[in-house]
Asker: 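If you scroll down you'll find the structure; I have some questions about it.
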Amino acid sequence: MASHTQLGLIIFEFSRKSQTKLSTQKLHSFVTKSKLARDPFFATQLVRFYALNDDLVSARKLFDVFPERSVFLWNSVIRAFAKAHQFSTAFSLFSQMLSSATRPDNFTYACLARGCSESFDTEGLRCIHGIAIVSGLGFDQICGSAIVKAYSKAGLTFEASKLFLSIPDPDVALWNAMISGYGCSGFWDKGVNLFNLMQHRGHVPNCYTMVALTTCLIDPSSLLIARSVHGFCLKINLDTHAYVGCALVNLYSRCRCIASACSVYNTISGPDLVACSSLITGYSRCGNHKEALYLFNEMRMSGKKPDCVLVAIVLGSCAELSDSVYGKEVHGYVIRLGLEFDIKVCSALIDMYSKCGVLDYAMNLFAGIPEKNIVSFNSVILGLGLHGFASSAFEKFTEMLEMGLKPDEVTFAALLSTCCHSGLLNEGQEIFERMKSEFGVEPQTEHYVYVVKLMGMAGKLEEAFEFVMSLRKPIDSGILGALLSYCEVHENTQLAEVVAENILENGEERRSVYKVMLSNVYARYGRWDDVERLRDGITESSEGKLPGISWF
DNA sequence: TTAGGGTTAG
């Protein structure tokens, strides 16, 4: 017969490695009969095991009757509830702990900080940090890394870096937390600098570091650094690590470099749902929708079950392809999986059906949503607008406001798109103004593009040009490109040249596209020398090819 | 005498 300790360790190892949910019933009856649960170490492991198997009732039952509650047992039960997002129970347990004989330790605060972060409780987080300081744990590495991470996730990067800098000789986990913190706050350069600094201070980056570093790099402008990060991972043999591999797939897909994303994916042994989802998302993001659907199908065949977000992305690909046949198939699959009532899935279905021209399906789905939210309203407004039902789209907008929902940037993009589809210049300009003044939503590139399109469609090119030039520099090439396309439509060569010049000054990586647009304008007027000059420029340039750089 | 923090996507 195994000793309590041995059995506890076996369960601990088992719960760490177990990939499948197991019945806790048999274990529970065995444990009760053998009175093993009286062993403090064993009890702690059992609580963790129950939690891993989503059996919080048994975890709580065991905890409640256990006489000697060690700090490990307290932490395990608090962690179990916090991880299950039952934050009020986790915090009430902490409150009970404070009045017990057991003092919270660094792990307790680390766990609570994470709980605050996941429940978006910034005040609670500050409070936990304060209590940790009072308890003499203000410079603790474990507590510190959790609080740094939580502050960063709450957008309080200053607080996070202040805490990080105050801790003498931070360990690798703390460096990782701060690199990731900078990454999730958009300070990619600070994250990369910290990565270099940690090595300078003699710390060896691990898999967590590399994952954290990839989160700093978010768009195609980071491709050169992304390649270096990949090279570094290859050098330290971490490129095939499950999480690092996934992070690299995501990184390359954010950089719109789907070929590299694909080649990293192919090196991952036994890609899991996250790896698969990452590549499907990458395909979808890069406009390779057919590949996205193909991989989704393969994933389904292999028995992996997608989650709501992946289903929504795949439906987005169906919408882009106007493939209502496959979209309906996915709809059926969604029903079989029991995901049809998820608001994200439902909104994606509305979007898919309306983009595939089946508006009545979309409207029926919308009508059936019991608790409509901003996402579902945005989808239906966009759908109505696409089909030219501008007044119905605006009615939905009013309905949404009456329900007390706050419109976001997507709502206004949908309304402006509606105006474009119906050629409603005045209404478009009016909603654009209200967006800023009444609702405090800051316009983004796509909103400006819609306004330019509205003016362009109405032939008001000079007005559109003035509008564009009044924007903060540098002006996004997408906005200038929209104006250029209407210069082409209205055959305004003079303005087209000025606009094109502005675009080319931006050093825009898609400059070939704009050069072709300008050359089309020249061609219309028979300016063949200019056409040839531009076309030569396109073939001579080395766009798309990137020189390699290396950190080693 | 063991355990607990810090990972990945949309």
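Values reported hereafter were calculated over all heavy atoms of this structure, with side chains retained and with hydrogens, waters and symmetry mates removed. Order of the sequence lines sets the chain letters (A, B, ...), proteins ahead of strands, with each chain counted from 1.
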Asker: Over how many whole Å does the gap from A/Leu52 atom CG to B/dA3 atom P extend?
Answerer: 17 Å

Asker: Output, in order, the C-alpha distance, side-chain angles, deciding distance and verdict of side-chain hydrogen bond (donor to acceptor under 3.5 Å, both in side chains) for A/Ser376 and A/Asn373.
Answerer: CA-CA 5 Å; A/Ser376 46; A/Asn373 70 359; 3.2 Å; yes

Asker: Taking NZ from A/Lys83 and P from B/dG6, how many angstroms apart are they, rounded to a whole number?
Answerer: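 So the two atoms are 7 Å apart, to the nearest Å.
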
Asker: My understanding is that only residues two or more places apart in sequence, or in another chain, count here; which of them pass side-chain contact (heavy atoms from CB on, under 4.5 Å) with A/Ser277?
Answerer: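 By the side-chain contact (heavy atoms from CB on, under 4.5 Å) rule, A/Ser277 matches A/Leu273, A/Leu310.
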
Asker: Specify the residues of residues 157-173 of chain A, ordered by number, for which at least one heavy atom lies under 4.0 angstrom from an atom of DNA chain B.
Answerer: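 Hits under 4.0 Å, by residue number: A/Asp171, A/Val172, A/Ala173.
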
Asker: Tell me if the aromatic rings of A/Tyr333 and A/His331 count as close, with their centers under 6.0 Å from one another.
Answerer: no

Asker: Does a side-chain N or O of A/Lys344 approach OP1 or OP2 of B/dG10 to a distance below 4.0 Å, or not?
Answerer: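 Checking B/dG10 against A/Lys344, no side-chain N or O comes under 4.0 Å of OP1 or OP2.
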
Asker: Among residues 85-98 of chain A, which contact DNA chain B at a heavy-atom distance under 4.0 Å?
Answerer: none

Asker: Distance check needed: B/dT7 P versus A/Met178 CE, whole Å only.
Answerer: 13 Å

Asker: Verify whether the ring centers belonging to A/Phe195 and A/Trp175 lie closer than 6.0 Å.
Answerer: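 When the ring centroids of A/Phe195 and A/Trp175 are compared, they turn out to be at least 6.0 Å apart.
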
Asker: Within the structure, does a side-chain N or O atom of A/Arg48 lie under 4.0 Å from either OP1 or OP2 of B/dA3?
Answerer: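 False: A/Arg48 side-chain N/O out of range (4.0 Å or more) of B/dA3 OP1/OP2.
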
Asker: In whole Å, what is the span from the CG atom of A/Asp307 to the C1' atom of B/dT8?
Answerer: 13 Å

Asker: Between A/Ser379 (side chain only) and A/Val375 (backbone N and O only), is there a donor and an acceptor less than 3.5 Å apart?
Answerer: yes

Asker: Can you list, by residue number, the residues of residues 238-248 of chain A that have a non-hydrogen atom closer than 4.0 angstrom to DNA chain B?
Answerer: A/Tyr243, A/Cys246

Asker: According to side-chain contact (heavy atoms from CB on, under 4.5 Å), who are the partners of A/Leu321, at least two apart in sequence or on a separate chain?
Answerer: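 Scan of A/Leu321 (side-chain contact (heavy atoms from CB on, under 4.5 Å), adjacent residues dropped) gives A/His289, A/Lys290, A/Leu293, A/Asp323.
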
Asker: Rounded to whole angstroms, how far apart are CD on A/Glu118 and C1' on B/dT7?
Answerer: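 Roughly 13 Å, once rounded to whole Å.
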
Asker: Mind running a 4.0 Å heavy-atom check of residues 270-280 of chain A against DNA chain B and sending the residues that fall below it, in number order?
Answerer: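 Under 4.0 Å from DNA chain B: A/Val274, A/Ser277, A/Ser278.
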
Asker: Tell me every residue that passes ring pair (Phe, Tyr, Trp, His ring centres under 6.0 Å) with A/His447, counting only those two or more places apart in sequence or in another chain.
Answerer: none

Asker: Among residues at least two apart in sequence or on other chains, which ones pass side-chain contact (heavy atoms from CB on, under 4.5 Å) with A/Thr89?
Answerer: A/Arg60, A/Phe81, A/Gln86, A/Leu93

Asker: Taking A/Asn75 as the fixed residue, which of A/Thr44, A/Thr108, A/Thr102, A/Asn106 is the one that meets the side-chain hydrogen bond (donor to acceptor under 3.5 Å, both in side chains) rule?
Answerer: A/Thr108

Asker: Are more than 12 heavy atoms from other residues, nucleotides or ligands located less than 6.0 Å from atom OH of A/Tyr361?
Answerer: no

Asker: Can you see which heavy atom on A/Cys233 is nearest to which on A/Met210, and at what distance?
Answerer: SG-CE, 3.7 Å

Asker: Answer yes or no as to whether B/dG6 has its base stacked against A/Tyr208, where stacking requires a ring-centre separation under 5.5 angstrom and planes under 30 degrees apart.
Answerer: yes

Asker: Just wondering, do A/Phe41 and B/dT2 stack (centres under 5.5 Å, planes under 30°)?
Answerer: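 Yes, the aromatic ring of A/Phe41 stacks with the base.
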
Asker: Find the distance A/Gln45:CD to B/dG4:P and express it as a whole number of Å.
Answerer: 7 Å

Asker: Looking at every non-hydrogen atom in both residues, tell me the closest pair between A/Thr215 and A/Ile218 and how far apart they are.
Answerer: O-CG2, 4.0 Å

Asker: Please report, rounded to the nearest Å, how far the C1' atom of B/dG10 is from the CZ atom of A/Arg254.
Answerer: 11 Å

Asker: Just the rounded figure in Å: distance from C1' of B/dG10 to CD1 of A/Ile218.
Answerer: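 In whole Å, B/dG10 C1' and A/Ile218 CD1 are 14 Å from each other.
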
Asker: Can you list, pair by pair, the side-chain donor-acceptor contacts under 3.5 Å of residues 239-246 of chain A, counting residues two or more places apart and other chains?
Answerer:
from	atom 1	to	atom 2	distance (Å)
A/His241	ND1	A/Tyr243	N	3.2
A/His241	ND1	A/Val244	N	3.3

Asker: Going by heavy atoms closer than 4.0 Å, what residues in residues 140-148 of chain A are next to DNA chain B?
Answerer: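 Hits under 4.0 Å, by residue number: A/Gln141, A/Ile142, A/Ser145.
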
Asker: Give the intermediate values and the outcome of ring-ring contact (aromatic ring centres under 6.0 Å, His included) for residues A/Tyr151 and A/His129.
Answerer: CA-CA 10 Å; A/Tyr151 272 143; A/His129 187 193; 5.5 Å; yes

Asker: Within the 4.0 Å heavy-atom criterion, would you say A/Asn106 contacts the bases, only the backbone, or no part of the nucleic acid?
Answerer: nothing

Asker: Checking the side chain of A/Arg69 only, and the main-chain atoms of A/Phe63 only, is there a donor and an acceptor separated by less than 3.5 Å?
Answerer: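 Such a contact is found between A/Arg69 side chain and A/Phe63 backbone.
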
Asker: Categorize A/Asn250 for me: base, sugar-phosphate, or nothing, with a 4.0 angstrom heavy-atom threshold over every strand shown.
Answerer: sugar-phosphate

Asker: Which of the following nucleotides, B/dA9, B/dG4, B/dA3, is nearest to the side chain of A/Thr215?
Answerer: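 Looking only at heavy atoms from C-beta outward on A/Thr215, the closest nucleotide is B/dA9.
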
Asker: Mind checking what makes salt bridge (charged side-chain N to carboxylate O under 4.0 Å, His left out) contact with A/Glu320, not counting sequence neighbours?
Answerer: none

Asker: Enumerate the salt bridge (Lys or Arg N to Asp or Glu O under 4.0 Å) contacts for residues 145-171 of chain A, please, sequence neighbours excluded, ordered by first and then second residue.
Answerer: A/Arg126-A/Glu159

Asker: Among the nucleotides B/dT8, B/dG4, B/dA9, which one has an atom lying closest to any side-chain atom of A/Val211?
Answerer: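 Of the options given, the side chain of A/Val211 lies nearest B/dT8.
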
